[in-house]
Amino acid sequence: MTRHRVVLYNPQAVFYTLPLALLAVGSHLDPERYEVVIVDARLERDPDAALARALDGALCLGVTVLTGGPIADAVRASRFAKRRRPELPVVWGGWHPSLFGRECLAEPSVDVTVQAQGEITFAEICDRLAAGAPGDTVRELKGCAGCAYRDAAGAVHQNPPRALADLNRLRPHDYTLLPVERYYELKGRRQLDYISSQGCAFRCAFCADPFVYERKWVGLAPERMGEEIGELWQRYRFDDLSFQDETYFTYLPRVAAVAEEMLRRALPITWAATMRADQGDRLTEEALALCRRSGLRRVLIGVESGSQEMIDRIRKDIKVEQVLISAEKIRRHGIKGIFPFIVGFPGESDDSVRASLDLAKRLRAMSPDFETPVFYFKPYPGSPLTDDAVRGGYVLPATLDEWSRFDFIGSSGPWVSPEKHRLVERFKFYQRLAWTPGTPWTRPARALARWRLRQDAYALPLEKLVGDWLWPQAEMS
Ligand code: B12
Ligand code: SF4
């Protein structure tokens with residue numbers, strides 16, 4: 001039987017999380033029929049040369065695309081592939097093509113876009129491409145659920161969506177498709193990324209997940225996770241496992257069962273995952289202790305706002321008290337916490353921003369192991385808040401080129417006045433200075449920063465001017 005080569009491309013970026021999306025779609029292809037080659041531009045000195053080598057004789061190219069910066073390299077790589085092999089079908093999947101499946105097809109180098117969960121859709125696309133006549137292939141995608149495509153005459157077709165499949169029916173992720181040790185080197189630690197669920201049952205109004213996965217959630221069974229994690233540890237000897245699930249603590253009995261699976265195998269690892277404040281509140285002391293014993297070292301709990309009114313407006317469906325209860329619980333168990341906040345929601349009052357900074361202060365002071373990054377609201381597409389902003393006159397990018405410049409990490413949207421921006425930036429600086437361990441020389445500056453935070457006194461920020469001058473690239477959060 002001919003084995004077709006399928007090339008998967010991860011665009012350039014400045015972070016080194018394993019390309020789990022490509023691992024997922026690549027692993028689900030039948031290895032008897034397909035040879036999967038993953039080209040991760042983050043690992044290549046010359047990504048074009050690596051892509052050119054891989055594309056020779058390939059059946060198709062798949063590219064994973066997040067909204068923002070990665071789009072530019074995704075377009076560049078797709079055009080490069082088309083220049084070399086004009087007849088080669090180029091398939092885009094991931095969050096941006098899930099939100100803008102038809103619009104992405106305005107780019108001539110993209111033939112097909114996949115929406116939401118990609119494994120089964122991509123396998124069907126590859127099967128159809130492998131069965132079709134060369135050069136005639138893209139027309140064969142009529143009726144293939146979960147994708148949109150451009151036919152040979154240039155017309156765009158959107159096929160019906162595909163139902164979310166139970167992850168336990170999909171093939172296990174084949175990490176041998178990746179040079180895992182290279183990622184360890186780049187991360188500077190033996191940390192393995194792993195995903196155990198897809199989708200999310202909640203409805204936060206700033207998030208695209210409810211739109212893309214329609215508030216559905218699917219997760220791997222604990223027994224399968226125990227087996228996979230055990231085997232992965234035997235092969236890759238990682239020290240830390242990073243769960244990339246949207247909300248890992250969704251089903252608490254599953255979380256406890258996975259912890260038991262890890263303990264049963266006596267894996268010498270730590271792990272980190274995401275938790276909602278309501279889930280932390282419901283989690284029993286015994287279950288948390290079990291997680292801790294199995295290696296839980298850190299949870300990320302999205303707080304978003306310190307104002308209950310704003311929390312309700314963004315439909316986070318948590319209570320401020322639940323944040324504090326969860327924080328106190330994890331502190332008692334010696335677990336680290338990251339509590340991200342978002343300020344600058346459209347129409348957000350000064351009082352609401354103050355309430356967020358106050359809660360961030362309170363959490364930060366609870367434990368040296370707590371971090372409280374503060375981000376500005378970004379109207380990422382696919383969320384009700386973004387739709388409201390657009391109705392209110394906010395103009396979203398229209399082309400892929402504009403979308404590729406849509407990362408406003410570190411900058412604020414139009415809903416933050418210059419005064420508010422100044423206040424938040426000063427607050428972030430003094431929080432960092434106050435709680436980051438330093439040398440004896442910086443002790444007076446740290447004491448002054450704590451005093452400033454207690455008094456909310458951020459005028460004449462001389463320390464910040466010096467800090468910005470010395471470390472112009474300091475962390476943006
Ligand atoms: C790890 C992660 C990161 C990492 C690295 C991202 C990376 N490229 O690897 C870091 C920390 C750097 C990061 C940064 C950011 N992230 Co992030 N991140 C994630 C996270 C937690 C996991 C991604 C993952 O590996 N998923 C596992 C895989 C299996 O799922 P998947 O990506 O959805 O892939 C499936 C389908 O999409 C599809 N598919 C995907 N690619 C392809 C390709 C082909 C060819 C096919 C056929 C199918 C296909 O099939 C896959 C299997 O079903 C997701 C949430 C999540 N759980 O997905 C958020 C998420 C992707 N991040 C998001 C955001 C908003 C950000 C940030 C802007 C900052 C922030 N405040 O969080 C930045 C900047 C991103 C950027 N523009 O560069 C959003 C994306 C929104 C969007 N429109 O793109 C998500 C969805 C979180 C959310 N709910 O809002 N992120
Ligand atoms: S922010 Fe988190 S909890 Fe809320 S809908 Fe998105 S993924 Fe779910």
Side-chain angles (χ1 to χ4, degrees), residues 6-28 40 42 60-71 73-74 90-100 112-126 146-147 162 164-165 167 170 173 193-213 215 217-218 242-250 274-279 300-302 304 314-318 340 342 373 375-378 380-383 386 403-404 406-409 477:
V6 171
V7 182
L8 298 173
Y9 184 82
N10 193 79
Q12 293 276 14
V14 289
F15 38 75
Y16 298 106
T17 320
L18 266 66
L20 295 177
L22 298 182
L23 189 64
V25 293
S27 302
H28 194 63
D40 188 336
R42 300 171 301 174
C60 67
L61 169 68
V63 184
T64 186
V65 191
L66 279 180
T67 301
I71 290 177
D73 190 48
V90 174
V91 183
W92 275 21
W95 287 86
H96 199 73
S98 293
L99 294 160
F100 297 103
V112 188
T113 60
V114 169
Q115 284 72 54
Q117 190 183 48
E119 290 88 336
I120 300 178
T121 308
F122 191 58
E124 184 175 336
I125 292 171
C126 290
C147 72
R162 187 179 292 270
L164 186 63
L167 294 182
L170 307 180
H173 292 180
D193 297 296
Y194 183 90
I195 181 108
S196 78
S197 67
Q198 233 172 344
C200 174
F202 294 90
R203 55 167 197 157
C204 306
F206 55 88
C207 177
D209 203 293
F211 175 83
V212 172
Y213 287 102
R215 298 188 64 190
W217 180 93
V218 282
S242 183
F243 286 101
Q244 296 295 342
D245 305 55
E246 292 274 40
T247 45
Y248 180 73
F249 282 79
T250 296
T274 41
M275 175 193 269
R276 283 173 49 95
D278 51 331
Q279 295 164 346
L300 184 145
I301 301 180
E304 327 306 357
I314 61 175
R315 307 205 305 232
K316 183 78 196 174
D317 295 339
I318 57 169
I342 303 176
F375 298 100
Y376 296 100
F377 171 69
K378 306 166 184 86
Y380 265 78
S383 73
T386 300
W403 276 117
S404 73
F406 184 71
D407 273 339
F408 11 146
I409 295 178
S477 61

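Every number for a ligand or one of its atoms is a count from 1 in the order of the listing. Basis for what follows: all heavy atoms, side chains included, without hydrogens, waters or symmetry-related copies.
In terms of modelled atom types and a separation under 3.5 Å, the side chain of T64 and the main chain of G94 share no donor-acceptor contact. In this structure, the side chain of S404 does not engage the main chain of G69 through any donor-acceptor pair within 3.5 Å. Side-chain atoms of T247 do not come within 3.5 Å of backbone N or O of T250 as any donor-acceptor pair. Within the 3.5 Å criterion, the main-chain N or O of A165 finds a donor-acceptor partner in the side chain of Q117.
Near R276, with a cut-off below 4.0 Å to any heavy atom, the atoms of ligand 2 are 3 (S). Taking a cut-off of under 4.0 Å to the non-hydrogen atoms of G93, the atoms of ligand 1 that pass are 39 (N), 40 (C), 41 (N), 42 (C), 43 (C), 44 (C), 45 (C), 46 (C), 48 (C), 49 (C). The distance from ligand 1 to the heavy atoms of C207 drops below 4.0 Å at these ligand atoms: 89 (N). Close approach to Q117 involves these atoms of ligand 1, each under 4.0 Å from a residue heavy atom: 53 (O). Taking every non-hydrogen atom of Q244 and a distance limit under 4.0 Å, the qualifying atoms of ligand 1 come out as 1 (C), 21 (C), 22 (C), 56 (C), 57 (N). Close contacts of ligand 1 with V91, meaning ligand atoms under 4.0 Å from a residue heavy atom, involve 45 (C). The distance from ligand 1 to the heavy atoms of V114 drops below 4.0 Å at these ligand atoms: 47 (C). Shown in contact with T67 at under 4.0 Å from a heavy atom are these atoms of ligand 1, numbered in order with element: 76 (C), 77 (N), 82 (C), 83 (N), 84 (O).
Taking only non-hydrogen atoms, the option from P70, G69, C60, G62 nearest to atom 78 (O) of ligand 1 is P70. For atom 35 (C) of ligand 1, the choice among E246, E119, Q198 with the nearest heavy atom turns out to be Q198. The residue among T64, I125, L66 with a heavy atom at the shortest distance from atom 8 (N) of ligand 1 is L66. Scanning F15, Y9, F406 for the heavy atom closest to atom 12 (C) of ligand 1 points to F15. For the residues S196, A116, P340, the heavy atom positioned nearest atom 36 (C) of ligand 1 is part of A116. The closest heavy-atom contact to atom 86 (C) of ligand 1, among the options W95, Y213, F375, Y16, comes from W95.
Residues I318 and D278 approach most closely at CG2-OD1, 3.7 Å, considering heavy atoms. Residues P19 and N10 approach most closely at CB-OD1, 3.8 Å, considering heavy atoms. F375 and P340 get closest at one heavy-atom pair: CE1-CB, 4.0 Å. Taking every heavy atom of both residues into account, P210 and R203 meet most closely at CG-CA, 4.0 Å.
The set of protein atoms (N, O or S) found at less than 2.8 Å from atom 6 (Fe) of ligand 2 reads C207 SG, by chain and number.
Of the heavy atoms in L99, only side-chain atoms (C-beta onward) come closer than 4.0 Å to ligand 1. Under 4.0 Å from ligand 1, the heavy atoms of I195 that appear belong solely to its side chain. Looking at V25 against ligand 1, only its side chain comes within 4.0 Å, counting heavy atoms.
Side-chain atoms of Q115 and T113 include a donor-acceptor pair closer than 3.5 Å. Donor-acceptor pairing under 3.5 Å is recorded for the side chains of D245 and S197. Side-chain contact of H96 with T67: a donor-acceptor pair under 3.5 Å is present, judged by distance alone.
The cationic atom of R276 (NZ for Lys, CZ for Arg) lies less than 6.0 Å from the six-membered ring centre of F202 and within 45° of the ring axis.
Among residues two or more places apart in sequence or in another chain, the side chain to side chain contact (heavy atoms under 4.5 Å, CB included) test is passed with S98 by V212.
Just one residue in the list V90, V63, D40 forms a side chain to side chain contact (heavy atoms under 4.5 Å, CB included) with Y9, and that residue is V63.
You'll find the side chain of R162 reaches within 4.5 Å of the side chain of E124, heavy atoms only.
Geometrically, ligand 1 and N10 share no nitrogen or oxygen pair separated by less than 3.5 Å. In terms of polar-atom proximity, P381 is not counted as a contact of ligand 1, lacking any N or O under 3.5 Å from an N or O of the ligand. Considering backbone and side-chain atoms alike, S98 places every N or O at 3.5 Å or more from each N or O of ligand 1.
Aromatic rings of F100 and W403 (six-membered ring for Trp) have centroids within the 6.0 Å cut-off, being under it.
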